[in-house]
Student: 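The structure under discussion is supplied below as structure tokens; questions concerning it will follow.
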Protein chains: 2
Amino acid sequence: MELTGDLLRGHTDMILLGILSRQDSYGYEINKKIEVVSSGAFVLTEATLYTSFKRLEKKGLVSSYWKSSDTGKRRKYYSITPLGRTTLESLEISWVEAKQIIDAFI
Amino acid sequence: MELTGDLLRGHTDMILLGILSRQDSYGYEINKKIEVVSSGAFVLTEATLYTSFKRLEKKGLVSSYWKSSDTGKRRKYYSITPLGRTTLESLEISWVEAKQIIDAFI
DNA sequence: AAGAGATACCTTGACAGATTAGGTATGTTC
DNA sequence: GAACATACCTAATCTGTCAAGGTATCTCTT
């Protein structure tokens with residue numbers, strides 16, 4: 001089963017914030033993590049990922065900084081901001097409610 | 001709490017099919033039902049509703065017929081087709097999986 | 001040393017579903 | 001007769017996602 005597109009639309013920001021709420025990370029790593037955790041079911045294209053990062057940063061929900069790996073390859077790390085954390089909390093509340101309501105109809 | 005926009009995007013079709021899987025209904029009634037069941041939290045604009053109906057009908061998932069109420073007002077009833085029922089089933093399976101995956105990240 | 005594949009970043013244009021903001025018409029209630 | 005509920009619909013716009021590209025470095029194999 002592959003989940004993509006509009007089924008996950010609108011949840012991307014929440015998922016990224018959720019991952020970043022545990023620890024700072026960078027695009028490529030996050031994409032791999034999503035693939036592993038979802039057993040390949042959750043497909044997030046890079047375009048969607050970077051668009052989401054840009055949106056989150058513009059809203060002040062995450063901040064970013066460049067850092068090099070041991071091998072010298074540059075990585076752009078993202079960090080959740082205090083505003084990002086409170087936003088995540090309210091997104092989670094909405095999500096729980098949305099689940100209940102949708103389940104009530106099907 | 002108001003749920004709207006992309007949080008529900010992609011689920012509209014499933015919700016409508018879910019409602020129609022119980023009994024035929026028409027636009028205005030469905031909109032009211034959604035409002036009541038969700039205690040006003042789920043906001044589905046009429047434009048979204050009718051766009052969705054059109055899409056569902058085009059895909060052959062629902063069919064429609066005109067019928068008058070006791071007062072004489074015309075209503076456009078929608079009925080789920082066999083294809084609509086099988087589609088609903090697979091949408092539900094995707095939905096269950098999507099819930100689990102999203103919850104794994106937050 | 002050359003080539004393949006993984007790591008790591010990014011952008012542009014098109015698409016599709018949702019919203020805004022209208023419109024029409026009839027029935028009911030005060 | 002004015003307000004409100006019932007009942008339908010559309011056009012233009014917005015927004016998130018995707019397809020399809022691009023650049024560059026590092027590692028492993030031959």
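Below, read A as the first sequence line, B as the second, and so on, with proteins coming before strands; counting in each chain starts at 1. What you see below is based on every heavy atom in this structure, not just the backbone, and it leaves out hydrogens, waters and symmetry mates.
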Student: Show every donor-acceptor pair shorter than 3.5 Å between a side-chain atom in residues 30-43 of chain A and any protein atom, with sequence neighbours excluded, or say none if there are none.
Tutor:
{"unit_1": "A:Ser38", "atom_1": "OG", "unit_2": "A:Ile34", "atom_2": "O", "d": "2.7"}
{"unit_1": "A:Ser38", "atom_1": "OG", "unit_2": "A:Ala41", "atom_2": "N", "d": "3.4"}
{"unit_1": "A:Ser38", "atom_1": "OG", "unit_2": "A:Phe42", "atom_2": "N", "d": "2.9"}

Student: Among side-chain atoms of A:Glu57 and A:Ser63, is any donor-acceptor pair under 3.5 angstrom?
Tutor: no
Student: Rounded to whole angstrom units, what separation is found between the NZ atom of A:Lys33 and the C1' atom of C:dT7?
Tutor: 16 Å
Student: Side-chain N or O of B:Thr12 less than 4.0 angstrom from OP1 or OP2 on C:dG17?
Tutor: no
Student: Check the distance between D:dG16's C1' and A:Leu16's CG and give it to me in whole angstrom.
Tutor: 13 Å
Student: Nearest whole angstrom, please: distance from the P of D:dT6 to the CG of B:Leu49.
Tutor: 15 Å
Student: CG of A:Leu91 to CG of A:Leu17: how many Å apart, nearest 0.5 Å?
Tutor: 6.5 Å
Student: In this structure, would A:Tyr26 and A:Ile19 fall into the same cluster of hydrophobic residues linked by side-chain contacts under 4.5 Å?
Tutor: no
Student: Tell me, for nucleotides 20-30 of chain C in 5' to 3' order, what letter each nucleotide earns: B for a base near a protein heavy atom under 4.0 Å, S for only sugar-phosphate near one, - for neither?
Tutor: BB----BSS--
Student: If you look only at pairs with a residue in residues 77-94 of chain A, which of them pass as a salt bridge (Lys or Arg N to Asp or Glu O under 4.0 Å), with sequence neighbours excluded?
Tutor: none
Student: Could you list the residues that satisfy ring pair (Phe, Tyr, Trp, His ring centres under 6.0 Å) with B:Tyr28, not counting sequence neighbours?
Tutor: none
Student: Taking the basic N atoms (NZ, or NE/NH1/NH2) and the acidic carboxylate oxygens, is any pair closer than 4.0 Å for A:Lys67 and A:Asp24?
Tutor: no
Student: Report the distance from atom OH of B:Tyr28 to atom P of D:dC4, rounded to the nearest whole Å.
Tutor: 13 Å
Student: If I take atom CE in residue A:Met14 and atom P in nucleotide D:dG16, what distance separates them, rounded to the nearest angstrom?
Tutor: 15 Å
Student: Can you name the side chain to side chain donor-acceptor pair (under 3.5 Å) partners of B:Thr51, sequence neighbours left out?
Tutor: none
Student: How do B:Thr51 and B:Tyr26 order along DNA chain D: which one's closest nucleotide is nearer the 5' end?
Tutor: B:Tyr26
Student: Residues from residues 54-68 of chain A sitting under 4.0 Å of DNA chain C, heavy atoms only?
Tutor: A:Lys54, A:Trp66
Student: Transitively linked via ILVMFWY side-chain contacts under 4.5 Å: B:Leu61 with B:Tyr65?
Tutor: no
Student: So, is A:Arg9 near the phosphate of D:dT17, with a side-chain N or O under 4.0 Å from OP1 or OP2?
Tutor: no
Student: Can you find a side chain N or O atom of B:Tyr50 that sits less than 4.0 Å from OP1 or OP2 on D:dC8?
Tutor: yes
Student: Whole angstroms only, please: what is the CZ-P distance between A:Arg75 and C:dT7?
Tutor: 10 Å
Student: Starting from P on C:dA8, measure out to CG on A:Asn31 and report it in whole angstrom.
Tutor: 12 Å
Student: Taking atom P of D:dA7 as reference, at what distance in whole Å does atom CG of B:Leu44 sit?
Tutor: 17 Å
